[in-house]
Amino acid sequence: MSVLPDRRRLGRWALNGAAGLAFLYILIPLIFVTWLSVYAQEIPSYPPEGYSLRWYGAGIANDRFLSAFWTSTQVGVIATLIGLVVALPAALALNRYKLFLGGAISNLLLMPLIVPGIVLGFALYVFQVETEIATGLPIIGSFWGIVFGHVLLVIPWTVRLILASLAGFDRTLEEAAQNLGADRLTTFRRVTVPSILPGIVAGCLFGFVSSFGNLEVSLFLVAPGQTTLPIAILQYLEWRIDPSVAAVSVMQIAVIAVALLVTDRFVKISRVV
Amino acid sequence: MSVLPDRRRLGRWALNGAAGLAFLYILIPLIFVTWLSVYAQEIPSYPPEGYSLRWYGAGIANDRFLSAFWTSTQVGVIATLIGLVVALPAALALNRYKLFLGGAISNLLLMPLIVPGIVLGFALYVFQVETEIATGLPIIGSFWGIVFGHVLLVIPWTVRLILASLAGFDRTLEEAAQNLGADRLTTFRRVTVPSILPGIVAGCLFGFVSSFGNLEVSLFLVAPGQTTLPIAILQYLEWRIDPSVAAVSVMQIAVIAVALLVTDRFVKISRVV
Amino acid sequence: MARLELNALTKRYGDFHAARDVSLDVPEGEFLVLLGPSGCGKTTTLRMVAGFVEPTAGSISIGGTDVTRLPPWKRNTGLVFQNYALFPHMTVAENVAFGLEMRKLSKAETAEKVKGALDLVQLGHLADRYPRQMSGGQQQRVALARALVFRPDVLLLDEPLSNLDAKLRQEVRIEIRALQQRLGITAVMVTHDQEEALTMSDRLVVMSEGQVRQVGTQRELYETPASRFVAGFVGRSSFLEGELRDGRLVTQGGLALETPKPVHGKVTAALRPERIAVSAEPPAEGTNVFPGTVELVSYMGGLIDLHVRLSPSDVVVAQVTNQGGGTLPATGDRVYLSLGSPAVFPASDPHARGH
Amino acid sequence: MARLELNALTKRYGDFHAARDVSLDVPEGEFLVLLGPSGCGKTTTLRMVAGFVEPTAGSISIGGTDVTRLPPWKRNTGLVFQNYALFPHMTVAENVAFGLEMRKLSKAETAEKVKGALDLVQLGHLADRYPRQMSGGQQQRVALARALVFRPDVLLLDEPLSNLDAKLRQEVRIEIRALQQRLGITAVMVTHDQEEALTMSDRLVVMSEGQVRQVGTQRELYETPASRFVAGFVGRSSFLEGELRDGRLVTQGGLALETPKPVHGKVTAALRPERIAVSAEPPAEGTNVFPGTVELVSYMGGLIDLHVRLSPSDVVVAQVTNQGGGTLPATGDRVYLSLGSPAVFPASDPHARGH
């Protein structure tokens, strides 16, 4: 067996160390919140007095968390579906036709990802208030008002990830299908969609979680009685800090991590994200 | 000139229409907030009583906005630099060596992008509180405590975008440089870095704006006297709504849009994002 | 399995003619090859037949039916792509079954035909593999089975061998030709590879700049090229440029060649390397014998190319067979070349017909 | 411009020998070509010389200095890559200047040498272009200039022509060879293309399975292949398998061939297609004359391949030159082949030395 020269090995260890450090950086806060979630006592002090899983039960049993969770899920699912319906043809158009200002459009689709959430929320609020004043319709604080806002958060993810998938898609496959007798719709359904499925799935996953976890936009759009989960957590924390919030947090992280890993196994997200 | 068959033209218009719709969806709220920012009156009613640029002056002149803007900028710049220093070697390691669980690591690096901000902020808060209790150091609410939290937001962007750049980098270029007499460090500096510059620049840009615009993490980590711009805006809005917030929002959007387009011209971000 | 007729087919993109007045008549069961440099319009022509490019003018008929305005999925053609274009998310059997499904065959009938088609290309045992698990040669055979299974009227092949390595190319070449003959199917292939074109086709079409330059069998094209372009593109040729004086072609370097037919003006003579006889002494007989100096000996195993300078401005390549033993001419040697009767073409236009 | 010596060079990955006991001695100014199928170890050998692969055993010396343990940047070799590997963010001139910069030459000297190197490859006028603005052939010339400008001890070429199209390949081939001779530089090239290897090299090394199989000039390899493998890899051969009986090689189909030297056991005879004489009548003289039936006529322009069946189990390929006029043999014709004296090798091992 040949032995790597010492300096080459050194470089290798340094790089691997850096990767480990980045990983730890992200992991450590998650480890601490997990630790807190199994504290037995109510006041988060150090060292803990004992360990218990009771706060998980308390988190799940909390009516406000539960109803907020359902609101967040409904908003997320519907916004994701609307986002997908808009994004799929939009991505196809951006990929296929040299649109007037196509490059600028596809960059501006990134805006909701990088414009501060508070600015985006305020802009949506202003838009909905002015529309409500102008039309007299009850928009602000309505369920569909929130959904409308969240679609804005979903679109950049779905459009960009489907575009990434389309960039790797060989269009001669579509010609092959048509040559074999498939009309345009059948070709799309049988060949195009299965080929860009990783992008579609990843786009929906990222779109959903960015809607589900959003605080800023929701803050502006929800009516007093109706809250999403991030708002419910924030309100709970204003009132008291106990390990039940940690338990709710850990459950969210676990669900997202599992969704990410399962989806990745199924469609290799890492190739498109 | 050949004429496209009618159905093919129809499909083309439908796709282009969808792209336009997605674009409008994102643009409309921004247009409304821009409109509000030039209202002459203080109460955002409809129709406006007249137009004026005075709220831009008011936004800039507001001391709280100004000091919060500086805090956000400092935190963002420092967090981005630290994030880059960690991310560059980490991305190189993930790209070059088949790390133990390398795929899982690179997926988990996405976590801060998709874990709800409120959960992330709470986890960081718990971590810093427990560390403060254990060590006695004044961490929570300190400038470096905020920076530490924001580095977590920056890392996923920098690592993923540098990784994307590295995936398109032909390593025979490094061999060519070494064959021509460049040692490992010179090769990295003269060949590798210029080749992955688009990923580095895009990673820093996205990392910075996601730190700059972050509300949830900051909410947990700032001390009462010291606020970032998103928190300052939120606090202002709790007290009153007038077009000066719209003006501040428009200025932020404009700066980010310009940064995006200028950077894209310089390094073709669209190839890596 | 039908006659294919192209009638003055033209495709224009703005001012650029991708194909211009292409007329071809391919009888049932013929293997026709379109040969030409890249950009000559051969692929555009094939894609017009498949229905992916709409002609600006002209018409296409398959088996007597005008298909010019039909979409691709209503023409019964089987197209084999350069990059195979197998559906990556389907198994080999599902790929081959796709065309039959579209034709709404029963499941039992589909399964039987798929099996038959895969056996035809000797891949019956790999029916459940995915394309990515197969070699390039196997993938190309699956693509062939997929294009043949529904009995297309015409088989279209778009540079089907160019992604395979040299050894495999030879193998698949023979296989495609044998299959086409066995099934008696009309086939049109596009290639830029001369050897492929010569060994596979019944007839060849040489194209350039969107136009058909010559149609004929291998022998017709090689023995009687219609233009200087064809003489240079099909087989190798050395060219001598000159002017007609006293019934002879006189080059700038002063060579005077006898030409088989009376020509006039500026002309180009085309010489086939293997038709040039090389000798150390002046030969007893022969037309157009000239002395020259060997400039380069290119040893290529069975063949040896001699680059011989006949005058300050005239170099020709002579090809001799390596018969083993004996001494080979070396660089600097003085030799005599018998050029024979060259084909002669007008010098001004490479596409002008010769004499 | 130095002698290159490889001494029992071996590279092992676990149980797999990428290269095994490779010993070569390349004198100053020689153009040596490593030829072999993919995976034969030729690229590993080249990369060991450049310093990118560390040998498991053996040594490398350049100009008498042992460089086995030196990193790539301390060896003075110039490597030309298959994909050119030009730095995309530098202009042509900056690319070429890179090696000189690393050697800390003054700006004036660098500029002068860069200009000289670019003029050498006739690209002086494109010094300020970026690689992406150039054709493949131009990029490869820039890569050549970049590898030559700092006067490397050895020029290394890793399949330098395989990304170029056929016409360009011929052109760059001649150019590289001419440059190498003009500069008198020691060069080692890796290729899997026979024609490239035969036309460019002073000497050839045939490799397979990590081992050197034969070293020699084109003529030595073609005329006296050391093994059945070399006979099949350099030039074309038909093979007849048989057993020795009464001093003759008797095939399964019953042919009995005279062999030049006494052999024994199971053997393989290798026949060069162009050394087989074809005639319609039994020839007056000749060794190993057999009647046969033409099975396939492959018309390839200047050459025609005849696949002739001599017995139920023996088919050989004879190559005849197309001399025009006259009638060609057709499929089904009865012909007589004079096979001449074949090279004979033990049948068991394709790498065993012949007789």
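Naming convention: chains lettered A, B, ... in sequence-line order (proteins, then strands); numbering from 1 in each chain. Keep in mind that the numbers below use all heavy atoms, side chains included, and drop hydrogens, waters and symmetry copies.
With a 4.5 Å cut-off on non-hydrogen atoms, B:I253 touches chain A through its backbone and its side chain both. For B:A246, the parts sitting under 4.5 Å from any heavy atom of chain A are the backbone and the side chain alike. Only the side chain of B:I241 comes within contact range of chain A, judged by heavy atoms closer than 4.5 Å. Residue contact with chain A, scored on non-hydrogen atoms closer than 4.5 Å, is absent for B:L163. For chain B, no part of A:L229 is nearby; none of its heavy atoms comes within less than 4.5 Å. Of the two parts of B:P230, the backbone and the side chain both hold a non-hydrogen atom closer than 4.5 Å to a non-hydrogen atom of chain A.
Note: A:V151 leads A:V129, A:V151, A:L219, A:I233 in heavy-atom pairs under 4.5 Å with chain B. In terms of heavy-atom pairs under 4.5 angstrom with chain B, the leader among A:V248, A:V115, A:L215, A:V86 is A:L215. With respect to chain B, the highest number of heavy-atom pairs below 4.5 Å among A:L27, A:I155, A:L92, A:N214 belongs to A:I155. Note: B:I26 leads B:V159, B:I26, B:V245, B:I31 in heavy-atom pairs under 4.5 Å with chain A. Among the candidates A:V250, A:L30, A:L234, the residue making the largest number of heavy-atom pairs closer than 4.5 Å to chain B is A:L234. The candidate with the highest count of non-hydrogen atom pairs below 4.5 Å against chain A, out of B:L124, B:L88, B:V85, is B:L124.
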- Please walk me through it: do A:Y125 and B:F32 pass side chain to side chain contact (heavy atoms under 4.5 Å, CB included)? CA-CA 9 Å; A:Y125 176 73; B:F32 270 82; over 6 Å; no
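Closest non-hydrogen pair, B:V217 versus B:G117, comes out as CG2-O, 4.2 Å. The minimum heavy-atom distance between A:L36 and B:F122, with the atom names listed, is CD2-CZ, 4.1 Å.
By the salt bridge (charged side-chain N to carboxylate O under 4.0 Å, His left out) test, A:E132 is found to be paired with no residue, residues two or more places apart in sequence or in another chain being considered. Residues satisfying the side chain to side chain contact (heavy atoms under 4.5 Å, CB included) test with A:T227, not counting sequence neighbours, are A:A68, A:I231, A:A232, A:Q235.
A donor atom on one side chain and an acceptor atom on the other are found under 3.5 Å apart for A:S218 and A:H150. For the 3.5 Å distance criterion, the side chains of A:Y236 and A:D242 qualify, holding a donor opposite an acceptor.
Under the 30°/60° scheme for interplanar angles, the aromatic rings of B:F148 and B:F127 are found to be tilted.
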